[in-house]
Amino acid sequence: MSSPKSMSRATGWSEEVENLFRFQQAGYRDEVEYVQVKHGASVDKWPESGFVKKLQLRDNTFYYYNRRRECPDEDVHKVKVYVY
Amino acid sequence: MPRYRKELQAQAFTVKATMKNSVVAAPPSAGAFRERPTKPTTFRKFYERGDFPMALQHSSKGNRIAWKVEIEKLDYHHYLPLFFDGLCETVHPYEFFARQGIHDMLEHGGPKIQPVIPQLIIPIKNALNTRNRHVICNTLKILQHLVMSGEMVGEALVPYYKQILLILNMYKNMNINSGDGIVYSQQKRENVGDLIQETLEMFERYGGEDAFIYIKYMVPTYESCMIT
């Protein structure tokens with residue numbers, strides 16, 4: 001199981017930051033950890049924007065996300081960006 | 001010598017009202033805008049029984065719904081009318097669940113929404129008839145989402161305009177004239193008059209060719225946003 005080498009906080013919003021925000025709301029670090037925990041399951045994404053659409057939590061319930069941006073500006077600096 | 005005459009209060013359409021020094025009392029209020037209290041909804045009953053496949057998750061960013069079953073596998077004919085029934089609720093968490101649940105189901109419904117439309121009309125009419133400003137605003141936003149949620153949904157709604165547009169006629173001019181002040185309700189999309197105008201424009205846009213005529217029949221002061 002690969003673990004990240006370092007972590008920093010996001011400074012500005014971008015599509016990657018939006019997806020990281022969605023994963024962290026669901027209780028995962030990022031897509032890498034989600035795929036490891038869910039044993040290779042693919043992540044459902046909205047076709048137009050590429051944002052995450054649906055995630056399964058560790059207790060097997062589901063979170064559904066909007067097509068548009070959900071991460072407000074005041075929460076961008078709380079998003080953690082991991083480097084492997 | 002001047003005679004002191006007191007003015008007499010009199011009810012309208014009586015003999016006393018015809019006297020010279022009688023003042024006719026104002027008519028009693030008809031109560032068109034009075035809020036109607038709602039009886040407990042089926043949504044609340046089902047929620048308290050635990051029949052809904054969802055749970056409330058509290059997070060630092062507010063509340064979210066966690067679905068226990070994938071939305072794509074839900075029976076829309078059973079669940080969607082129940083959620084629309086919950087639109088009349090004003091108490092937390094019922095109001096939040098109904099609103100967010102409808103939003104999620106409409107986002108992911110696709111072609112499953114259109115066959116359910118006839119069953120949604122009565123809950124929508126009940127929600128609009130509560131005359132509660134907050135409930136009306138929520139219902140209008142959901143109606144806007146509904147017409148955009150799938151193909152043919154807007155056109156499927158057209159035959160039911162005469163049931164749901166009546167109440168909008170009353171609230172259409174509820175705009176505040178604040179001069180040059182800032183009205184935050186407009187920015188937060190809580191201004192009823194503007195929301196109604198937006199909703200009617202969406203109905204016309206997504207309702208097909210006859211939509212404008214039907215809307216005009218129910219809301220005569222509405223002007224088309226598509227025909228110049």
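A note on names: the letters A, B, ... follow the listed sequences, proteins ahead of strands, and every chain is numbered from 1.
- Surrounding CD of B:Glu70 are more than 12 heavy atoms belonging to other residues, nucleotides or ligands, all under 6.0 Å away.
- Distance check, rounded to the nearest 0.5 Å: CZ of A:Phe62 to NE2 of B:His108 gives 12.0 Å.
- At most 12 heavy atoms of other shown residues, nucleotides or ligands fall within 6.0 angstrom of atom CD1 in B:Ile122.
- Within 6.0 Å of the CZ atom in A:Arg68, the count of heavy atoms belonging to other residues, nucleotides or ligands does not exceed 12.
- Side-chain atoms of A:Tyr64 come within 3.5 Å of backbone N or O of B:Ile71 as a donor-acceptor pair.
- Between A:Tyr65 and B:Arg64, some side-chain heavy-atom pair lies under the 4.5 Å cut-off.
- To the nearest 0.5 Å, the span separating CG on A:Asp44 from CD on B:Glu72 amounts to 7.0 Å.
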| request: Any chance you could lay out the side chain to side chain contact (heavy atoms under 4.5 Å, CB included) test for B:Trp67 and A:Lys54, step after step, and finish with the verdict? | output: CA-CA 10 Å; B:Trp67 289 87; A:Lys54 175 174 106 180; over 6 Å; no

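- When heavy atoms are compared at a cutoff of 4.5 Å, A:Asn66 approaches chain B by way of both its backbone and its side chain.
- When A:Gln56, A:Glu74, A:Arg67 are compared by the number of non-hydrogen pairs under 4.5 Å with chain B, A:Arg67 comes out ahead.
- When the shell of 6.0 Å around OH of B:Tyr214 is examined, it contains 12 or fewer heavy atoms from other residues, nucleotides or ligands.
- Within a 6.0 Å sphere centred on CD of B:Gln163, heavy atoms belonging to other residues, nucleotides or ligands number more than 12.
- Environment of CE in B:Met148: crowded, with over 12 heavy atoms of neighbouring residues, nucleotides or ligands closer than 6.0 Å.
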